[in-house]
Amino acid sequence: MRCAAAIEARQVNELAINVDPIQAGGRLTADAMKAVIAYGDGYSVCDNCRKPNRLDYIAKPPIAGFHKDLAAWLNMDAVRTVPGARRAFQAVAQTYVTKGDPVLLTSLSHYTEFLAVEEAGGIVREIPANPENIVTPDAAAAKAEEVKRDCGRAPVLAIIDHVDYQYGNMHDVKAIAKVLHQYDIPVLYNGAYTVGILPVDGKALGVDFVAGSGHKSMAAPAPSGVLAATAEREKEVFRTTSIFGDVTGRKFGIKEPAMMGCTLMGATLIGLMASFPRVKERVKHFDRELANNKIVLDALLSVTGTRVLSEMPRKHTLTRVDTTQSFDKVAQVHKKKGFFFSSALEEKGIVGIIPGASRVWKFNTYGTTEAQAKYLAQAFVDIARENNLPVT
């Protein structure tokens with residue numbers, strides 16, 4: 001099947017169980033699939049754009065109402081849709097960071113946070129994770145103090161991941177934000193792996209901004225995401241333009257520089273909106289997701305030599321494991337080397353593990369049913385037994 005002459009139809013999620021770490025929470029709902037077709041044209045949402053000619057004011061389709069609902073759902077005062085969480089990082093960094101300003105990230109931060117700081121001219125200072133790969137409030141305070149000593153001033157911004165992409169560990173953002181606010185540091189909550197996956201209450205967390213990823217965790221097309229702000233901060237990051245042309249005198253006062261005017265349009269925005277009712281419901285049942293994750297983990301750990309590198313018990317479904325002393329032992333003597341593992345899984349209808357990885361790798365069971373989780377569990381055990389690895 002092909003979409004066009006050289007473009008094959010993608011059928012990964014229809015034909016296999018996909019445990020790719022970054023794809024699990026972004027699978028579209030049926031409503032979003034229909035929305036992509038109906039609103040695929042570039043400026044499709046602009047049919048009924050009227051003055052003041054800004055995306056978040058459009059009433060048909062109900063984009064304005066969606067913005068209000070989204071802000072209320074996150075318990076924040078204002079929200080904008082953006083092309084991915086990385087554009088949220090960028091917008092906030094451009095607002096607060098100038099050349100040479102220190103910015104707090106962590107030793108587990110995503111590369112896009114680094115790029116956002118770099119583009120704004122800032123200097124990254126990392127809060128180190130502890131030996132268990134957890135970022136603690138004490139470490140955040142110590143780093144803030146270190147920056148004050150070295151730079152003569154506190155960091156101008158902190159971007160803190162609730163769940164990091166490397167281990168899927170959960171960090172106490174609420175306590176970290178409380179500490180950093182004592183230094184008057186605005187805190188941007190990176191919810192790329194939480195907004196749309198589990199309940200997020202920005203004000204309860206005590207953060208200034210909430211960033212979320214539509215295509216990673218909100219069952220939306222890429223690139224899509226959200227940026228929410230408190231009332232105190234919204235006039236800063238969602239400031240309107242004051243520039244005007246020297247010849248024409250033109251000005252565009254309603255447009256927001258950090259958003260480059262309008263942000264998401266067409267299929268990305270409507271797909272995000274179409275999945276929203278389902279996303280709001282599914283975050284209430286994250287306990288089921290953890291239960292299914294445990295089924296798979298228990299099976300993996302029954303293969304002698306397998307270790308979980310993420311925190312235990314698991315608080316998120318994104319998990320990092322070390323199979324150096326189990327499946328990689330097979331890879332050392334197998335004709336396919338490390339590729340034997342992904343090949344064996346694919347033969348059983350399971351995809352998403354990096355091809356060739358047999359030592360340290362990640363997977364994400366989010367969205368699997370209990371039956372699928374049990375099938376995954378049995379598949380790992382069967383591959384172990386087929387290759388003479390001991391299973392307890």
> Should Val195 and Val237 be regarded as members of a common hydrophobic cluster, given that ILVMFWY residues are connected when their side-chain heavy atoms come within less than 4.5 Å of each other, either directly or indirectly?
no

> Is it true that, when you exclude Arg307 itself, more than 12 heavy atoms of the residues, nucleotides or ligands shown sit nearer than 6.0 Å to its CZ?
no

> Rounded to the nearest 0.5 Å, what's the gap from CD1 on Ile123 to CG on Asp101? Could you check?
8.0 Å

> Output the distance between atom CZ (Phe89) and atom CG (Leu227), rounded to the nearest 0.5 Å.
10.0 Å

> Are more than 12 heavy atoms from other residues, nucleotides or ligands located less than 6.0 Å from atom CD of Glu346?
no

> Under 6.0 Å between ring centres: does that hold for Tyr193 and His162?
no

> Would the distance check show the side chain of Thr319 and the main-chain N or O of Thr317 forming a donor-acceptor pair, the cut-off being under 3.5 Å?
yes

> Regarding Arg87 and Thr263, do their side chains bring together a donor and an acceptor under 3.5 Å, going by distance alone?
no

> So, for Ile185 and Leu157, which heavy atoms are closest and what is the spacing to 0.1 Å?
CG2-C, 3.6 Å

> If you measure only the distance, is there a donor-acceptor pair under 3.5 Å linking the side chains of Asn190 and Glu113?
yes

> Verify whether one side chain among Asp138 and Thr136 offers a donor that lies under 3.5 Å from an acceptor in the other.
no

> Is it true that atom CD1 of Ile354 has more than 12 heavy atoms of other residues, nucleotides or ligands lying nearer than 6.0 Å?
no

> Please answer: with hydrophobic residues joined when any side-chain heavy atoms are less than 4.5 Å apart, are Leu389 and Val308 in the same cluster?
yes

> Any luck finding a side-chain donor-acceptor pair between Asp161 and His110 under 3.5 Å?
no

> Quick one: does any side-chain atom of Ser343 pair with a main-chain N or O of Phe340 as donor and acceptor, under 3.5 Å?
no

> Quick one: does Arg282's side chain have a donor or acceptor within less than 3.5 Å of a partner on Ile197's backbone?
no

> For Met312, I'd like to know if atom CE has over 12 heavy atoms of other residues, nucleotides or ligands within 6.0 Å.
yes

> So, Gln23 side chain and Gly352 main chain: donor-acceptor pair closer than 3.5 Å or not?
no

> If you measure only the distance, is there a donor-acceptor pair under 3.5 Å linking the side chains of Glu289 and Asn293?
no

> Any idea which heavy atoms bring Ala177 and Leu205 closest together, and the distance?
CB-O, 4.0 Å

> Are His316 and Phe286 an aromatic pair by the rule of ring centers under 6.0 Å?
yes

> Is Glu146 atom CD crowded by more than 12 heavy atoms from other residues, nucleotides or ligands, each under 6.0 Å away?
yes

> Do the side chains of Leu28 and Phe66 join up, straight or via other hydrophobic residues, at under 4.5 Å, putting them in one cluster?
no

> Could you tell me whether the side chain of Lys362 and the main chain of Gly168 form a donor-acceptor pair under 3.5 Å?
no

> Between the side chains of Arg27 and Tyr366, does any donor sit under 3.5 Å from an acceptor?
no

> Check whether the side chains of Thr29 and Ser275 place a donor and an acceptor atom closer than 3.5 Å, and report yes or no.
yes

> Any side-chain to backbone donor/acceptor pair from Ser342 onto Ile353? Under 3.5 Å, distance only.
no

> Can you name the closest pair of heavy atoms from Ala379 and Ile350 and give their distance?
CB-CD1, 3.4 Å

> What verdict does the salt bridge (charged side-chain N to carboxylate O under 4.0 Å, His left out) test give for Glu281 and Arg278, after you've listed the backbone C-alpha separation in whole Å, the side-chain angles of each residue and the deciding distance to 0.1 Å?
CA-CA 5 Å; Glu281 178 60 28; Arg278 172 72 183 112; over 6 Å; no

> Within a 6.0 Å radius of atom CZ on Arg250, are there more than 12 heavy atoms belonging to other residues, nucleotides or ligands?
no

> Using every non-hydrogen atom in the two residues, find where Ser224 and Leu264 come nearest and quote the distance to one decimal.
CB-CD1, 3.7 Å

> May I ask whether Val207 and Leu198 are part of the same hydrophobic cluster, defined by side-chain heavy atoms of I, L, V, M, F, W, Y residues being less than 4.5 angstrom apart, directly or through others?
yes

> Could you point out which residue of Val19, Leu345, Leu376 forms a side-chain contact (heavy atoms from CB on, under 4.5 Å) with Phe363?
Val19

> Hey, could you give me the OG1/NZ distance between Thr230 and Lys203, rounded to the nearest 0.5 Å?
8.0 Å

> Classify the angle between the aromatic ring planes of Phe327 and Phe380 as parallel (below 30°), tilted (30 to 60°) or perpendicular (above 60°).
tilted

